[in-house]
Peer 1: 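Structure provided below as structure tokens; questions to follow.
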Amino acid sequence: MIKLIVLFRALNLYTHHAHNMVKGNEFLQDHSFFGDLYEMADKFYDSLIEREIGTNSDKISLLSITHDARGIVTGK
């Protein structure tokens with residue numbers, strides 16, 4: 001479950017960044033598109049992390065999850 005949570009956190013981070021950084025002629029369409037993706041990823045991440053915390057709260061490190069997700073986004 002943690003790997004899935006990390007993947008949705010990575011999607012959350014990436015789409016939020018894309019939503020904020022989009023430029024150009026297609027700004028409105030792309031901004032809206034990435035906003036929709038960001039909201040979807042955020043809802044899935046939130047649902048998964050809450051479920052995991054509710055069942056395994058002593059084993060969850062939100063900082064580690066975000067760190068691992070950042071590594072996926074940056075390729076590091």
Peer 1: Tell me every residue that passes ring pair (Phe, Tyr, Trp, His ring centres under 6.0 Å) with Y38, counting only those two or more places apart in sequence or in another chain.
Peer 2: H16
Peer 1: Can you sort out the partners of L7 under side-chain contact (heavy atoms from CB on, under 4.5 Å), two or more places apart, ordered by chain and number?
Peer 2: I72
Peer 1: Does E50 have any side-chain contact (heavy atoms from CB on, under 4.5 Å) partners at least two apart in sequence or in another chain, and if so, which?
Peer 2: D46
Peer 1: Would you please name every residue forming a side-chain contact (heavy atoms from CB on, under 4.5 Å) with R51, sequence neighbours left out?
Peer 2: M1, S47
Peer 1: Taking atom CE of M40 and atom OG1 of T15, what is their separation to the nearest 0.5 Å?
Peer 2: 7.0 Å
Peer 1: For A69, what residues pass the side-chain contact (heavy atoms from CB on, under 4.5 Å) criterion, not counting sequence neighbours?
Peer 2: V6, R9, A10, L13
Peer 1: Would you compute the distance between atom CD1 of I49 and atom OG1 of T66 and round it to the nearest 0.5 angstrom?
Peer 2: 8.5 Å
Peer 1: With rounding to the nearest 0.5 angstrom, report the CD to CG distance, E52 to L62.
Peer 2: 11.0 Å
Peer 1: Side-chain heavy atoms under 4.5 Å apart, restricted to Ile/Leu/Val/Met/Phe/Trp/Tyr: what other residues fall into the cluster of L28, or is it alone?
Peer 2: V22, F27
Peer 1: Do L11 and V73 touch side chain to side chain, with heavy atoms closer than 4.5 Å?
Peer 2: no
Peer 1: Keeping to residues at least two apart or across chains, list the side chain to side chain donor-acceptor pair (under 3.5 Å) pairs with something in residues 67-76.
Peer 2: none
Peer 1: Which residues satisfy the ring pair (Phe, Tyr, Trp, His ring centres under 6.0 Å) test with H17, sequence neighbours excluded?
Peer 2: none
Peer 1: Can you name the ring pair (Phe, Tyr, Trp, His ring centres under 6.0 Å) partners of Y45, sequence neighbours left out?
Peer 2: none
Peer 1: CZ of F34: more than 12 outside heavy atoms within 6.0 angstrom?
Peer 2: yes
Peer 1: Using ring pair (Phe, Tyr, Trp, His ring centres under 6.0 Å) as the criterion, list what pairs up with F8, not counting sequence neighbours.
Peer 2: F44
Peer 1: Using the side chain to side chain contact (heavy atoms under 4.5 Å, CB included) definition, which of the options I5, T55, I2 pairs with I60?
Peer 2: I2
